[in-house]
Amino acid sequence: MNKKSIKQSSNNLISFFSLNNFEKREKKLFFLLCFVWLLFYVFRLLSNSFFLTDSHEYMEIARIIGNCSYFDKNADFRLLTKRPFVYPLFLSILSDLKPFAIIFIQSLFGILNTFILFKTVKKIAGPIKKEALMLFIFTPSIFIYTHLLMSEWLIMLFLNLLAWLLIQKWSKTNFAYIQLLTLLLAFTKPVFYPFIYVNFLFFGIYMIRKRVFSFWLFLPILCLQGYLNYNETRTGYKHFSSIENINLINYNLYYFKSSTQSKEKADTWLSSIYNSDKYENKSFGEQNDYLKEVATTEIKNNFLSYSLYHFFTAVRGIFDPGRFDLMTYFEKEDGKQGFLEILNGQKTLFSLFRNKYLLIYLLLIPIFIVNALKWFYFSKFIIKSKTYTKHFYLILLLFYYILVTGPVNCSRYMMPFQGLLFVFALAGFYGSTKAKNKKLD
């Protein structure tokens, strides 16, 4: 890279982080949201609760990375293949810090997320108004999960950067960043790895239509295949993450059976799988082959009913107001507090009213209303506005994610996409003047 290119890149970076393009009112809204971030950080400190169940696995992998033993033959590959390495790598860099200090750094990234969203909204929807503030305040999941040792905030950052790059004019440099972000998504959350194939097809067709080409098109899919082969060599089973089969059996199909049969029958079914001779005392590869076979057979035998259940629960999850999110300030997670436990037949509805934090649930009413309004104006944007190719990529990614998460979809899983939802909902609310009149492709 020559001096001119370096200077241009530096100027672009400075310009990106400048507040000069914001109006006085927009700056006030941004700094008010910075205060809200600080307020939620204080709430998290007062709760003295920084971990969920998944957090401990991230920390353990971070310790392994910090000890430079990630690639050791004796390393616990069952754990290492369960959680990809990007977020644990971040934690390993900060391993000498206390949890409250790590959370503070994540809070700074949360403010960065807000800044990127302001830039994106301004470019797509026009001047930022007070409605943006209300969307943030009544979407507490973005503050809650940024202030836990969880990877959702990092996914949100990657998605927001992806959205910003996709609304810029085409360039090979920007496309390279888009492909790198696609990889980072997959190696942070396994749910994104199948989208690499969608990415390849989407941009392959895009390049043919636009008569452009970049070798960066092949990077994500080559890295994916390399990682799949590496995991097969290391574990004896070709896979991206061991959580795939765990989720299918322990959650998707278990909840399906609880809903369509009974909790007792679902418990018996789940117990029979893990107590089977085909699972006990078998190698990692043999166990996962067995779990995959069981899941495939169950889905084939109940294809229509399971497909409808999977779709319905996936869509249901986008309206979850986040009861579990709020409870992270008051109770240690045991995996049984979520409203999904009620919806999937694990608890009765009346169990809500026996909880001493009933008044806290009143907050869920305005959160639910604002959430419904976001989806209404998001839908309005899609229906009434001309959806450009790069917009369509983001919308495709969102719908892919919703459908893949299925029965476990809830406020926590939707949190990383709240930024994209903000952008398109505000575009729909403001009338999307820029999105209608400015060609982005």
Side-chain angles (χ1 to χ4, degrees), residues 53-54 57-58 60-62 64-65 70-73 75-92 150-152 154-155 158-159 162 178-203 216-253 279 282-296 299 310 314 396-409 412-413 416-417:
T53 300
D54 296 353
E57 294 181 343
Y58 285 127
E60 178 61 20
I61 297 173
I64 293 172
I65 292 174
Y70 186 85
F71 296 103
D72 286 1
K73 292 182 179 180
D76 184 4
F77 59 77
R78 292 175 183 267
L79 174 64
L80 297 183
T81 64
K82 186 178 181 182
R83 306 286 178 188
F85 63 84
V86 173
Y87 182 57
L89 179 62
F90 167 82
L91 292 175
S92 71
M150 299 290 288
S151 63
E152 277 72 18
L154 189 55
I155 291 292
F158 294 152
L159 289 172
L162 188 63
I178 288 168
Q179 295 300 82
L180 288 173
L181 285 169
T182 301
L183 266 178
L184 288 172
L185 285 172
F187 283 96
T188 305
K189 284 280 189 183
V191 68
F192 288 101
Y193 95 83
F195 193 78
I196 287 177
Y197 298 110
V198 180
N199 167 279
F200 180 77
L201 291 173
F202 183 93
F203 282 111
W216 286 96
L217 173 67
F218 301 99
L219 176 70
I221 205 163
L222 289 175
C223 290
L224 172 61
Q225 294 306 314
Y227 187 71
L228 292 174
N229 291 333
Y230 171 71
N231 276 346
E232 183 178 23
T233 301
R234 180 163 59 166
T235 69
Y237 179 70
K238 191 171 185 177
H239 69 297
F240 186 87
S241 169
S242 59
I243 206 169
E244 301 164 41
N245 290 327
I246 294 172
N247 276 358
L248 263 178
I249 297 292
N250 294 19
Y251 296 99
N252 292 18
L253 287 168
Y279 185 86
K282 298 295 183 180
S283 68
F284 178 83
E286 291 171 325
Q287 288 178 339
N288 276 276
D289 281 330
Y290 171 61
L291 293 179
K292 187 174 183 179
E293 180 185 350
V294 170
T296 302
I299 292 173
H310 187 100
L396 180 65
L397 178 57
L398 171 60
F399 286 154
Y400 156 84
Y401 181 82
I402 293 170
L403 290 176
V404 169
T405 49
V408 299
N409 195 21
R412 169 189 159 187
Y413 288 104
F417 280 88

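These numbers were taken from a predicted model, which means no experiment stands behind them.
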task = Indicate the ring-plane relationship of Phe85 and Tyr70, choosing parallel, tilted or perpendicular according to the 30° and 60° boundaries.
result =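 Judged by the thresholds at 30° and 60°, the geometry between Phe85 and Tyr70 is perpendicular.
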inquiry  = Going by side chain to side chain donor-acceptor pair (under 3.5 Å), Asn245 matches just one of Asn288, Asn250, Asp289. Which one?
reply    =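 For Asn245, the side chain to side chain donor-acceptor pair (under 3.5 Å) check succeeds only for Asn288.
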Can you find a pair of side-chain heavy atoms, one from [X] and one from [Y], that are under 4.5 Å apart?
| X | Y | value |
| --- | --- | --- |
| Leu183 | Ile196 | yes |
| Leu80 | Ile64 | yes |
| Leu224 | Tyr197 | yes |

Please round to the nearest 0.5 Å and tell me the distance separating atom [atom1] of [X] and atom [atom2] of [Y].
| X | Y | atom1 | atom2 | result |
| --- | --- | --- | --- | --- |
| Tyr58 | Thr188 | OH | OG1 | 8.0 Å |
| Ile246 | Arg78 | CD1 | CZ | 9.5 Å |
| Ile155 | Leu185 | CD1 | CG | 5.0 Å |
| Asn231 | Thr233 | CG | OG1 | 8.5 Å |
| Asn247 | Ser242 | CG | OG | 9.5 Å |
| Leu222 | Leu217 | CG | CG | 9.5 Å |

query = Closest heavy-atom contact between Lys82 and Pro190?
reply =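 So the minimum-distance heavy-atom pair works out to O-CG, 4.0 Å.
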task = Can you see which heavy atom on Ser151 is nearest to which on Lys189, and at what distance?
result =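 Ser151 and Lys189 have their closest heavy atoms at OG-CE, 3.1 Å.
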request  = I would like to know whether Leu291 and Leu248 meet side chain to side chain contact (heavy atoms under 4.5 Å, CB included); could you show each step before the answer?
outcome  = CA-CA 9 Å; Leu291 293 179; Leu248 263 178; over 6 Å; no
Polar contact flag, side-chain donor to acceptor under 3.5 angstrom, Ser241-Tyr193 =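 Tyr193 and Ser241 do not have a side-chain donor-acceptor pair below 3.5 Å.
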Within residues 239-248 or reaching into it, pairs that qualify as salt bridge (Lys or Arg N to Asp or Glu O under 4.0 Å) - sequence neighbours excluded =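 Those involving residues 239-248 do not exist here.
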key: For Tyr400, side chain to side chain contact (heavy atoms under 4.5 Å, CB included) partners two or more places apart   =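 So Tyr400 forms a side chain to side chain contact (heavy atoms under 4.5 Å, CB included) with Pro194, Phe195, Leu397, Val404.
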ask   = Got a sec, which residues hit side chain to side chain contact (heavy atoms under 4.5 Å, CB included) with Thr235, two or more places apart in sequence or on another chain?
value =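 If we apply the side chain to side chain contact (heavy atoms under 4.5 Å, CB included) test to Thr235, skipping adjacent residues, the hits are Phe77, Thr81, Tyr237, His239, Phe284.
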Backbone of [Y] reached by a side-chain donor or acceptor of [X] within 3.5 Å:
| X | Y | result |
| --- | --- | --- |
| Glu152 | Pro416 | no |
| Ser283 | Glu286 | yes |
| Gln179 | Leu219 | no |

message = Please report whether the ring centroid of Phe218 lies less than 6.0 Å from that of Phe203.
response =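 No, they do not, as the ring centres are separated by 6.0 Å or more.
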ask   = Centres of the Tyr227 and Phe187 rings: under 6.0 Å?
value =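 Yes.
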